[in-house]
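Everything quoted here is computed from the prediction, not taken from an experiment. Along the sequence shown, the residues carry numbers beginning at 1.
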Amino acid sequence: MDFERGRIVRSTAGRDKGLYLAVVADAGNRILVADGRRRPLSAPKAKNPAHLAPTRRVIGEEQLGSDKLLSAAIAAAFPAAQGI
């Protein structure tokens with residue numbers, strides 16, 4: 001599976017292990033991810049692709065427009081996981 005912009009991924013390593021994040025950009029050997037709450041769009045986290053598990057969900061470009069829309073889209077896609 002590809003790390004395209006808008007794909008929701010699960011972090012498998014690091015302090016954010018188990019959290020669902022959205023791919024913001026591909027920065028060569030790093031993937032920039034954000035969730036709109038702990039990690040805002042203005043300061044995405046650079047993660048090693050080996051530490052991310054892609055899901056089948058891809059959110060639209062309009063949901064990547066603000067932190068509020070992004071966090072709502074992730075919560076709607078994975079409601080049980082937001083309590084991690």
Between [atom1] of [X] and [atom2] of [Y], what distance do you get to the nearest 0.5 Å?
{"X": "K17", "Y": "T12", "atom1": "NZ", "atom2": "OG1", "result": "7.5 Å"}
{"X": "R39", "Y": "L19", "atom1": "CZ", "atom2": "CG", "result": "11.0 Å"}
{"X": "L70", "Y": "L21", "atom1": "CG", "atom2": "CG", "result": "8.5 Å"}
{"X": "I59", "Y": "R7", "atom1": "CD1", "atom2": "CZ", "result": "11.0 Å"}
{"X": "L32", "Y": "L41", "atom1": "CG", "atom2": "CG", "result": "11.0 Å"}
{"X": "L64", "Y": "L69", "atom1": "CG", "atom2": "CG", "result": "9.5 Å"}

*Without swapping roles, check the side chain of D35 against the backbone of R38 for a donor-acceptor pair under 3.5 Å.*
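Checked: pair present.
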*asked:* Whether the side chain of R37 engages the backbone of S71 through a donor-acceptor N/O pair (distance < 3.5 Å, no angle test) should be reported.
replied: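 Here the side-chain-to-backbone pair does not exist.
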*Out of V24, N48, V9, V23, which one pairs with I31 under the side chain to side chain contact (heavy atoms under 4.5 Å, CB included) rule?*
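That would be V23; it is the only one of V24, N48, V9, V23 passing the side chain to side chain contact (heavy atoms under 4.5 Å, CB included) with I31.
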_Ignoring hydrogens, what is the shortest heavy-atom contact between P40 and A34? Give both atom names and the distance._
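Closest pair (atom of P40, atom of A34, distance): O-CB, 3.8 Å.
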*Considering non-hydrogen atoms only, spot the tightest contact between D16 and S11 and give its length.*
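Reported closest heavy-atom pair: OD1-OG, 2.8 Å.
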Is [Y] close to [X] at the side-chain level, that is, under 4.5 Å between some pair of heavy atoms?
{"X": "E4", "Y": "V58", "result": "yes"}
{"X": "F3", "Y": "D26", "result": "no"}
{"X": "R57", "Y": "F78", "result": "yes"}

_Enumerate the salt bridge (Lys or Arg N to Asp or Glu O under 4.0 Å) contacts for residues 62-73, please, sequence neighbours excluded, ordered by first and then second residue._
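As it turns out, there is no salt bridge (Lys or Arg N to Asp or Glu O under 4.0 Å) pair with a partner in residues 62-73 once direct neighbours are skipped.
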*Check the surroundings of atom NZ in K47: do more than 12 heavy atoms from other residues, nucleotides or ligands lie under 6.0 Å from it?*
yes
